[in-house]
Structure formats: C-alpha cells, structure tokens
K.L.:
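Next up is a structure, given as structure tokens.
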Amino acid sequence: MKISAYSTALFSTFFFLEEYGILFDCGDGAAAMLMGKSRKVKHIFISHADRDHLCGLLQFNQLNAREGFPKVYFPRDCGSFPYLEAFTKQFDPHVSGTEWDFLDDGQEVKIGKGLLVRAFRNEHIAHQKDTVKSLSFQLIRTTQKLKEAYLELSGSEIKAKKEEIGYDEMTYEKREILLTYSGDTPVEWDGRYNDSQMLIHEATFLKKEDMGVDGNRWNKHSTLDEVMKMISESKGIERLVLSHFSSRYHADEIQQAVEDEARRHAVDIPISLVLPGVFSRNILD
Ligand SMILES: [Zn+2]
C-alpha cells in the first residue's frame, strides 16, 4: 500500500492512500504537497475539527471539486463543518460538486466494491457521552465466502442450491482490516485495533512528563511509551506507523526513543515513522 503523509502535532496532518483515493484528515499543505495526485482523492475523512486536521480543505476542495466529489466526511457533532461548507460555497461559487456528510459512531461508508471505511468514536476531545466530536477510521475489505456446509459441493450442485435458497443464504461476509487510522486520541486499552494489518497511531509526546497539564485537560493525546505498551498487549496488529509527533523533538531523539520503547515492550512488528516537519511520499519505504 502506498501512503503519502505529513503529520506534525499542532501544524498539519494528512494521510493519502493513493490506490484507494482516500485522504484521512486534510491539514495545511495537503494540496500543495500532493499536487496533481490530489485529483485522485474521492473520499476525505476528517477525524476532528482541530485546525491542524482540516485547514487544508479550502484549497484542496477548490482545486479538486467536481460533480459528486470529493465527499467530505466529519464527526456528527462538529459544528465547524457546516460553517466551512457554507463558506466555501460562497467564497468559491464555482465549487459546487463537493458533498459534505457527517458520520456517527460505528457508521460505515462504502467506498468501492468490497471496500468500506468504518468510523468509530475516540476520546481525543472531552465530549459528552452521546456526542461524536472525534473519530478514528478503519479501511476494511469485505469478501463473500461460501459457508462450510457447501464447500464440498460441485459447481452444478452449488448452482442448484443457489436457485433454491439464494446466494446470500449460502455465504458469509469475511472482513479484513487493511488499515486503522487512530486520528488524535489517548491510548485505548480495549483491543479496538486488534487484527489491523496496519495501525497508524499518534504518539504526540515521547513521555508523560512532556504532556503537561493542558495537554491532558481538553484534548487528549498519546505518549510513545503507552502506545508501545498497548501494542505489546494487542493481538494481530501486523505493522505500526507512528505519527503526529510534537515538533519539539528531533528526528534522532524520536528514532532512539522508538527503538528503546520497542525493545522494552518486546514489540517486534515493523515500525515506520512520520517524522515532524517532513512530507513523506511513501511512509512505508
Ligand atoms: Zn492534531
């Protein structure tokens, strides 16, 4: 999978999944960095309304809007987006094709044949229990598989059975989590990322002391040591991408800390880093 990305806490975050035409978040500079490739984006999923995750939308939309695309999805209770939609429609009246839609906790969006994106609530923003202001996303591939009872049948028997009871009755849906994008979030210990072939997780702070009081009060983030501990306790995560580091850290410092924490928690899956201040054309390289 080819993913281009920029992600630096406070400044800007976006992840572009080229073959799926997906953009997770649209921070400042998304169009400037992706240039002609931004045309490939059909679905933009914004995790929350912090400005470093949405301020690239104005230009991105202006350059790429066409009938029905892009489709911009945002958390249900974020009041910023209806304002933004109304503003862009007046500011750039030639841009009318974009579709804006909110997503609820657990909602799924079909983005192609056998492909969907599932949104689920996270606790980045101190919101009330019944509101949805911050989301994580999963890219899921679905395939219809023949139920075990029918596996032994011949082609003609399957055909006959299909006419008798219908194909849906004979199959079940298999789901593969190709990727999970945490967005901004505190570490969660409930196993919600289990079985992700790839997890893109934030690690804003390298250690707890750096978080400060404010960092913990309204907008909650993760620290590297906690992320590694969570990974060591999770199941079936095959690859980790760490992102959204604070710009206070140097690349060397981050690399060393990641190495140390991975060793400490015996995490032995491949780990890639989206370092602060650097646009990466292929984060898995
Ligand atoms: Zn952020």
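All ligand and atom numbering here is 1-based and tracks the order in the structure.
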K.L.:
May I ask you to decide if T98's main-chain N or O and N61's side chain share a donor-acceptor pair within less than 3.5 Å?
P.N.:
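A pair under 3.5 Å: no.
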K.L.:
Taking the six-membered ring of Y172 (Phe, Tyr or Trp), confirm whether the NZ or CZ of K147 is under 6.0 Å from its centre and within 45° of its axis.
P.N.:
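Not flagged: K147 not positioned over aromatic ring of Y172.
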K.L.:
Relative to W100, does K71 satisfy both conditions: NZ or CZ under 6.0 angstrom from the six-membered ring centre, and within 45 degrees of the ring's axis?
P.N.:
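Output no; distance or angle outside limits.
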K.L.:
Let me check your reading of the structure: within less than 2.8 Å of the Zn ion (ligand 1), is there an N/O/S atom from H221?
P.N.:
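No, outside the cut-off.
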K.L.:
Give a yes or no on whether H244 keeps an N, O or S atom under 2.8 Å from the Zn ion (ligand 1).
P.N.:
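Yes, within the cut-off.
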K.L.:
Please give the atom name: the N, O or S atom of D52 nearest to the Zn ion (ligand 1).
P.N.:
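When I compare the N, O and S atoms of D52, OD2 is nearest to the Zn ion (ligand 1).
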K.L.:
Using the six-membered ring of F120, assess whether NZ or CZ of R118 lies under 6.0 Å from its centre and within 45 degrees of the ring axis.
P.N.:
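Judged by the rule, R118 and F120 form a cation-pi pair.
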K.L.:
Which of the N/O/S atoms in D184 sits closest to the Zn ion (ligand 1)?
P.N.:
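Going through the N, O and S atoms of D184 one by one, OD2 ends up nearest to the Zn ion (ligand 1).
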